[in-house]
Amino acid sequence: MNGLRLLPWSSPEGKPCYLSTDDDNSRLSRKADEVEALQLAMGAQLLAHARAMLDEDKASSGELRFLTRRLVEALTDALRVAESRGGRLLVHSERGADERNQADQ
């Protein structure tokens, strides 16, 4: 990991967007945090809706296809958030290890 943060949105061409900053509290970092939180909350709401819909056992095939598409979108968002946060954990742990090594010298 090179210290770039994977952002929770893509370019107009569908390519991943990254942020390079040492400031976790920058305006763009805070906006990315807000979008990630919103995406995860929307995914949780969609999951609750899906559970309710499946419990009713009356959903049409069209409704189930629509639900499946939304669930795929929510899972894609959640995996991107997990990848982004996991990458930042690696960078922070590497920085911490470097700082400990420097302190030991």
Side-chain angles (χ1 to χ4, degrees):
M1 185 70 188
N2 56 9
L4 296 177
R5 176 182 178 169
L6 176 62
L7 294 172
W9 52 80
S10 300
S11 73
E13 298 81 29
K15 296 183 179 181
C17 294
Y18 295 90
L19 172 63
S20 176
T21 184
D22 291 332
D23 183 4
D24 290 337
N25 200 33
S26 70
R27 176 186 272 177
L28 192 53
S29 291
R30 289 191 316 268
K31 183 53 132 179
D33 291 341
E34 290 171 13
V35 170
E36 286 179 351
L38 179 63
Q39 288 173 328
L40 294 176
M42 290 173 59
Q45 289 176 353
L46 180 61
L47 185 57
H49 176 71
R51 283 188 176 127
M53 181 183 269
L54 294 173
D55 285 345
E56 289 177 12
D57 204 27
K58 296 180 184 178
S60 70
S61 61
E63 289 171 323
L64 291 174
R65 276 193 302 278
F66 181 81
L67 176 63
T68 302
R69 287 185 186 105
R70 301 300 75 81
L71 288 168
V72 167
E73 291 168 357
L75 180 57
T76 300
D77 289 343
L79 290 173
R80 181 188 298 260
V81 170
E83 180 181 351
S84 176
R85 291 182 181 181
R88 285 183 280 150
L89 286 174
L90 290 174
V91 168
H92 288 303
S93 67
E94 289 171 3
R95 285 182 189 157
D98 289 344
E99 290 169 4
R100 286 190 299 275
N101 289 339
Q102 290 175 358
D104 290 342
Q105 295 177 359

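Residue numbers count from 1 along this sequence. The figures here come from the full heavy-atom set of this structure, side chains too, leaving out hydrogens, waters and symmetry mates. Please read all numbers here as calculations on a predicted model, not as lab measurements.
By the 4.0 Å N-to-carboxylate-O rule, Glu83 lies too far from Arg80 to be salt-bridged with it.
Here Leu71 contributes atom CG and His49 contributes atom NE2; the two are 9.0 Å apart, rounded to the nearest 0.5 Å.
In this structure a side-chain-to-backbone donor-acceptor pair under 3.5 Å is present from Thr68 to Leu64. The main-chain N or O of Pro8 is never found under 3.5 Å from a side-chain atom of Ser84 such that the two would form a donor-acceptor pair.
Among all heavy-atom pairs drawn from Glu36 and Leu6, the shortest one is OE2-O, 4.4 Å. Across every non-hydrogen atom of Gly43 and Ala74, the tightest pair is CA-CB, 4.0 Å. The two residues Cys17 and Ser11 make their nearest non-hydrogen contact at SG-N, 3.4 Å. Shown here for Asp24 and Ser29, the closest heavy-atom pair between the two residues is O-CB, 3.3 Å. Here the closest non-hydrogen pair linking Ala32 and Trp9 is CA-CZ3, 3.9 Å.
With contacts defined as side-chain heavy-atom distances shorter than 4.5 Å, the pair Thr21/Leu28 does not qualify. Proximity of Leu46 to Leu67: side-chain heavy atoms (C-beta onward) are separated by under 4.5 Å at one or more points.
Leu79 belongs to a hydrophobic cluster with Leu75, counting contacts under 4.5 Å between side-chain heavy atoms of Ile, Leu, Val, Met, Phe, Trp and Tyr, direct or through other members.
Leu7 and Val35 end up in the same hydrophobic cluster when Ile, Leu, Val, Met, Phe, Trp and Tyr side chains are linked at under 4.5 Å.
Within the structure, salt bridge (charged side-chain N to carboxylate O under 4.0 Å, His left out) contacts touching residues 46-72 (residues at least two apart or in different chains) are Arg70-Glu73.
Arg5 pairs in a salt bridge (charged side-chain N to carboxylate O under 4.0 Å, His left out) with only one of the listed residues (Asp33, Asp22, Asp23), which is Asp33.
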